[in-house]
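To start, I am sharing the structure in question, which I have written as structure tokens.
Order of the sequence lines fixes the chain letters, A, B, ..., with proteins taken first and strands second; residue numbering starts at 1 for each chain.
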Amino acid sequence: MTALLEIRDLRAEVVEEGVEILKGVNLTINKGEIHALMGPNGSGKSTLAHVIMGNTKYRVTSGDILFEGQSILNLSTDERARLGLFLSFQTPEEIEGIKMRQFLINSYRNIHPEDQRTLLDLNKLMTELTKKLDLNQDFLERYINTGFSGGEKKKSEILQMGFLKPRLCILDEIDSGLDIDALRIVSESINNFKNDEMGILLITHYQRILNYVVPDYVHVYIDGRIVITGEKELAEKIEKIGYSTIEKELGLKINEE
Amino acid sequence: MTITTKLQYEVEKLDTIFEKTIDMKHNNLKAVEWQVPQIQAKKDYEDFEFQSSLEHISNDYLKIYKGYRYEAYKSWGFPKWKRAKLDGYEPEKYVSFVPTSVKGKIKGINGIDEDGIEILAKYDFEGAHRKFLLMAEAFSNTGFYLKTEEGESSEPIIINYYWKAPIYELSVYNLRPFSKATVIRVLRSNNQGKGFRTTSNRIVVHKNAYLELININLNGNDDINIDNIFIELEENSRVEVTDIQIRGKISAPHIFFRFSGKGATASVNPYFLATDDNIIDMLYLMRFYAPKTTGSINGKGLIKDNSKAVFRGFLDLKRGAKDANASESGYTLTLSEKAKAEAIPSLTVDENEVTASHAASISTIESEKLYYLMTRGFSLEDAKKLIAYGIFEPVVNELNKFGEDISQEVQNVVFQQI
Amino acid sequence: MATDKEINIEDLLIDQSKFDFKSQVKYAYKTIPGLNKQIVEAISEQKQEPKWMRELRLKSLEIFETWRDPRFGVDISDLDVSKIVAYIKPDAKKATSWEEVPQEIKETFDKLGIPEAEKKALAGVGAQYDSEIVYQNIKKEMEKLGVIFLDMESAVREYPDLVKEFFMKAIPPTDHKYAAFHGAVWSGGTFLYVPKGVKVPLPLQAYFRMNNPGMGQMEHTIIIADEGSEVVFIEGCSAPLYEATNLHAGAVEIYVKKGARVKYATIQNWSKNTYNLNTKRALVDEDGIMEWVSGSMGSQKSMIYPASILRGKGAKTETIAVTYAGPNQHMDTGSKVFMLAPYTSAIVDARSISIGGGWAFYRGWLRVGEKAKGAKASVSCQALMLDNFSKSDTVPIIEVYTDDADIGHEARIGRIREEQIYYLMSRGLKESEAKALIVRGFVEPFAKELPLEYAIELNRLINLEIESSIG
């Protein structure tokens, strides 16, 4: 069976500074799997997400990213999105003048051009999702992420995940800045939206969310590489002993900021 | 007679409040003021044009007033505008009447009453340039007199201008105390040949009255459109202006707010869009004399191709405007490497018990925003268009309340042009 | 609660007494008032200049005579150049040790604290008295590294080619009428060359003193920071108060070569009979950094806009300016930045205080040229009006001619808020102390850019000891 996402010995640098920031990443995600990527702040976890999504701030210097066996390195960000890759942003952009409703419909049509669902159906679906995520009624009439609280922004991202039905979800610190109630709602929604055809890469600093969204694999990411892979227990171990102990065990140097 | 003494004469004659655009002095100190060079037209309008303009006027006071303005007109040359690239001007063939279509309760300028004449006589200003202001007044071939009754609140008035010939407008709005009015002025280019419009609008908003003014200027690439508006705000009056400037060879709105009454409030929200070789040169000026007044200028727009936008927002707080609150922001989005954005925000303050600030920013669309939209499947081009359109979305939305057709028309023009 | 009106203005005014003393000094040579060919030639003769310099003076004179006054800024129509004495040569030889300086002149600089500062914290000092430098010295270690630090006349003689290459190249006589005036009658000033890679560890200073009534001081400063070098230059100026108008029309030209860094700090404290029409400009090459620290405290009328022309990729400039406009002062100050190359960046932080009827006007000009892709600039103007009969204006011009730039400007004008005073008083401060503290905090970003000695000096300058009268 072809993997959903396969990253092979991936190296990348920041275009502007020419500094290498991914230093040989290997990762395979199959359909139906949840992978947690954990690491200290500043280890470059988010960069990996953005390189997968094709952010032009970064340049791949070697290695490959395969989506269902096909390299996506030459695809632009929107083309990747249309293939079914989805990234929820750590800090979602605010864009004035475009309402969430219009944005969601256009996004849906971009990603599912063949879908015959009517505007009415889509609007109904959106409304249901806002209720599920306990978002305000005027949410869909507001401009994209504009003036949203931190929690609302995270919920907005998860709503998009549920609405756009992607095949690979990269969730970049979806848990940061959420209070316990919001974390529960967001986690439940992720579990709810997940299906056997979907793979999830959950990027996080803390183990907390993994109590709700249970990963099949846990990877520890330090200084541009995955240094150790295990199962759920690994995350619990990190919570207890901290990244610096892991680093010592492996004989690595990291800078915890 | 020199130009200044001429002006002096004129002012004395009518006992007028004359508001200069730039008023730079402090106690016994003076600042050097820029003098716009003037160029005499090879063939300027003369008695013949003036007399034909009077053909449609029966009101004697108005005739006399126009006579004064014509005299003053003769002593001025056309301006040489550095930023708007105007090198003098040669008037087009004069037509003494241009058609307009009007919805709502408003008279032609010939129907002006004594109150209206008093407004004409009492208030004077420079306009984008004195010559163009006087031109509109001396050679007016259209114009309106709006007078609301005390406490009256009327249906929105819509004025449609048709660019069949050069338009010279002389209008007066007289909003009696506690009344409310909405005026929507729509100018559409016929996109054939060189359209020219210059206007003179004096608006007095009396005690506790409210005016909503919406200017929709849908200019063509060869049109010159100079819109001069003077607004006097009396006690507790309120004015909201939306000024939409789309394209134009030279589009030069000049809107002056004179806060003379305590507690008066005004806002102006310009939206501009320049394409091709367009130049939009805007000036919005708020001068505060009275205490507890509030004014804000919030401009937004985008420029592309070889176009240029000059955004001038002047806040001038005079001594005595205690507890005035003045703010200005200007935002220009540049979509092409050849487009030129200029901002001249100006804050002049003689009174220290005020809150006054301005901010201007000029930038292109942030790449992070484009990237975000691309992660949602938008192509780069679509993402750019969407964000650019976002600038105008609030005003298109706002126009909806006056009927979908106007809102749709503006939306279509914007979509076509971005 | 007391209001602003109850501030004793006197207490917030700059204390000029320290600077307002007159000295009796003999003069070796002095031109008659006014400006004409004979006077210009006489100055050139006195200085025994090479032909090119004399020609430059005469060409400048021609421009001055035919050009009109600037069409902006302060009203200088009452400035009568025919009454200004363009050149006064003190009876003193150029000295390299203070002992050699004539007693009266040395006393002047002692009172201003210059020799003392030199000992403590400077790598070199130049001191100008009226039209000529009377003292110029640099530490031996600096000289060994190849740093050239000379008065301009000596530089013209000793390094003719180097001076000719840079003299009035950043500010040509055609720049404006008073640049031409300067070109015709300039005298004195400093020439500084810092060789490649040399980092001058301590600041160099030039101090300008006008001692005579009705005179003009027109010093010319050139700084060339060669590739990768670094230097801090401090300029101070003062004069005693006279009835007659004095004119200061100096020029500062700075050449920041690739990767070099120059900081130019000015504390201008001319007496209130001085017209200060100074021109300062830096040309900044690739990755160079130009910092302007500009304090305009004195003078009757000022027009001064330190300019940075960023012509090399990645060049940067930073301007921190404080302007003080007291009674009868009209201060038209600001900043000019031209961004002409990719990835250039600029920060401007301009602050002004107006008091006692003074007029502080900020005039800014920021141009981002077609080639300045990726340029970033932010300009911030803040004005504090300490009473209700002063004036404070902000008029920037921003021109952006590229699509890939991020440009922002913001300005705020206000007074000291009663809540702030109340808060500080609730912490035990007297009202006067509270106000002084707030004003000091307002100029802090400027003060902290100055070497310690000068920051202390600034605090003394703006006499913020508001101990008396409010209570």
**Q.** Which of A:Asn55, A:Ile95, A:Leu87 touches chain B most, by non-hydrogen pairs under 4.5 Å
**A.** A:Asn55
Q: Test the B:Arg376-A:Phe103 pair against the cation-pi criterion, namely NZ or CZ under 6.0 angstrom from the six-membered ring centroid and within 45° of the ring axis.
A: no
Q) Would B:Asp281 and B:Arg312 count as a salt bridge (charged side-chain N to carboxylate O under 4.0 Å, His left out) if you check the C-alpha gap in whole Å, the side-chain angles of each, and the deciding distance to 0.1 Å? A) CA-CA 8 Å; B:Asp281 189 343; B:Arg312 303 161 203 261; 2.8 Å; yes
Q: Find the one option among A:Ile144, A:Ile98, A:Ile111 whose heavy-atom pairs under 4.5 Å with chain B are most numerous.
A: A:Ile98
Q) Is chain B contacted by the side chain of A:Tyr143, its backbone, both, or neither, given a heavy-atom distance below 4.5 Å? A) side chain
Q) Does the side chain of A:Gln160 pick up a donor-acceptor pair with the side chain of A:Ser156 at under 3.5 Å? A) yes
Q) So, B:Glu240 and B:Lys180, do they make that salt bridge, N to O below 4.0 Å? A) no
Q | Lys/Arg-Asp/Glu bridge criterion (N-O < 4.0 Å) met for B:Glu342, B:Lys308 | A | yes
Q: Identify which part of B:Asp382 has an atom lying under 4.5 Å from any heavy atom of chain A, answering side chain, backbone, both or neither.
A: neither
Q | Leading residue by heavy atom contact count with chain B [cutoff under 4.5 Å; candidates A:Glu79, A:Arg80, A:Lys99] | A | A:Lys99
Q. Tell me, side chain or backbone of A:Pro92 under 4.5 Å from chain B's heavy atoms, or both, or neither?
A. both
